[in-house]
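Once you've had a glance at the structure underneath, I'll fire off some questions.
None of these values were measured; they are calculated from a predicted model.
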Amino acid sequence: GNGLENALHEVSEVTDKRFIKLSLYNYEGKIFLEIVNPYIGELQWKDGLPITQENDHGLGTQSIQCVTKMLNGHCQFLSEKNLFILQVII
């Protein structure tokens, strides 16, 4: 839920080419989830996680990472050509 909520928040700031790509499939017996969305501006990173200066925001990515680790999975947050990419394997 946090990943999709973050994507919706970022896409609301984009003025053209708004989209959210959600992929979910079985990958080598595990669940693979990927969320891709455009964003505007510069991302700030700390310890491999995107961070925000906005009030009442910023715990979602930490929560995603924590739950993924609890389920013995892996997650990564990427930025490429003004696209934000969340990938989770559990």
- Query: Less than 4.5 Å apart, any side-chain heavy atom of Phe32 and any of Gln87?
  - Reply: yes
- Message: Please give me the minimum heavy-atom distance between Gln65 and Cys75, naming the atom from each residue.
- Response: CA-SG, 3.6 Å
- Query: Does one hydrophobic cluster hold both Leu71 and Ile35, with members joined at side-chain heavy-atom distances below 4.5 Å?
  - Reply: yes
- Item | Any Thr61 side-chain heavy atom under 4.5 Å of Phe77 side chain | yes
- Message: For a 4.5 angstrom cut-off between non-hydrogen side-chain atoms, does Leu22 reach Leu33?
- Response: yes
- Query: Honestly curious: do Val36 and Leu78 fall in one hydrophobic cluster under the side-chain, below-4.5 Å linking rule?
  - Reply: yes
- Message: Below 30° counts as parallel, above 60° as perpendicular, anything between as tilted: where do the rings of Phe84 and Trp45 land?
- Response: parallel
- Item | Chi angles and distances behind the side chain to side chain contact (heavy atoms under 4.5 Å, CB included) call for Glu34, Ile85 | CA-CA 7 Å; Glu34 181 177 67; Ile85 304 164; 3.7 Å; yes
- Message: Contact between Pro38 and Asn82 at the side-chain level, heavy atoms closer than 4.5 Å - yes or no?
- Response: no
- Task: Treating Ile, Leu, Val, Met, Phe, Trp and Tyr as nodes and any side-chain heavy-atom pair under 4.5 angstrom as an edge, say whether Leu4 and Ile89 lie in one connected cluster.
- Result: no
- Note on the structure: Distance col, row Asn72:CG vs His74:NE2, nearest 0.5 angstrom, shows 13.5 Å
- Item | Residues, nucleotides or ligands: over 12 heavy atoms within 6.0 Å of Ile31 CD1 | no
- Task: Establish whether Val67 and Ile64 are linked, either directly or via other cluster members, by ILVMFWY side-chain heavy-atom contacts under 4.5 Å.
- Result: yes
- Query: Below 4.5 Å, heavy atoms only, C-beta onward: do Ile90 and Lys30 meet side chain to side chain?
  - Reply: no
- Query: Are Leu86 and Leu8 co-members of a hydrophobic cluster defined by side-chain heavy atoms under 4.5 Å apart?
  - Reply: yes
- Closest approach of Phe19 to Leu83 (non-hydrogen atoms, all atoms of both residues): CZ-CD2, 3.6 Å
- Message: I'd like to check Leu49 versus Gln62 (side-chain heavy atoms, cut-off strictly below 4.5 Å). Are they in contact?
- Response: yes
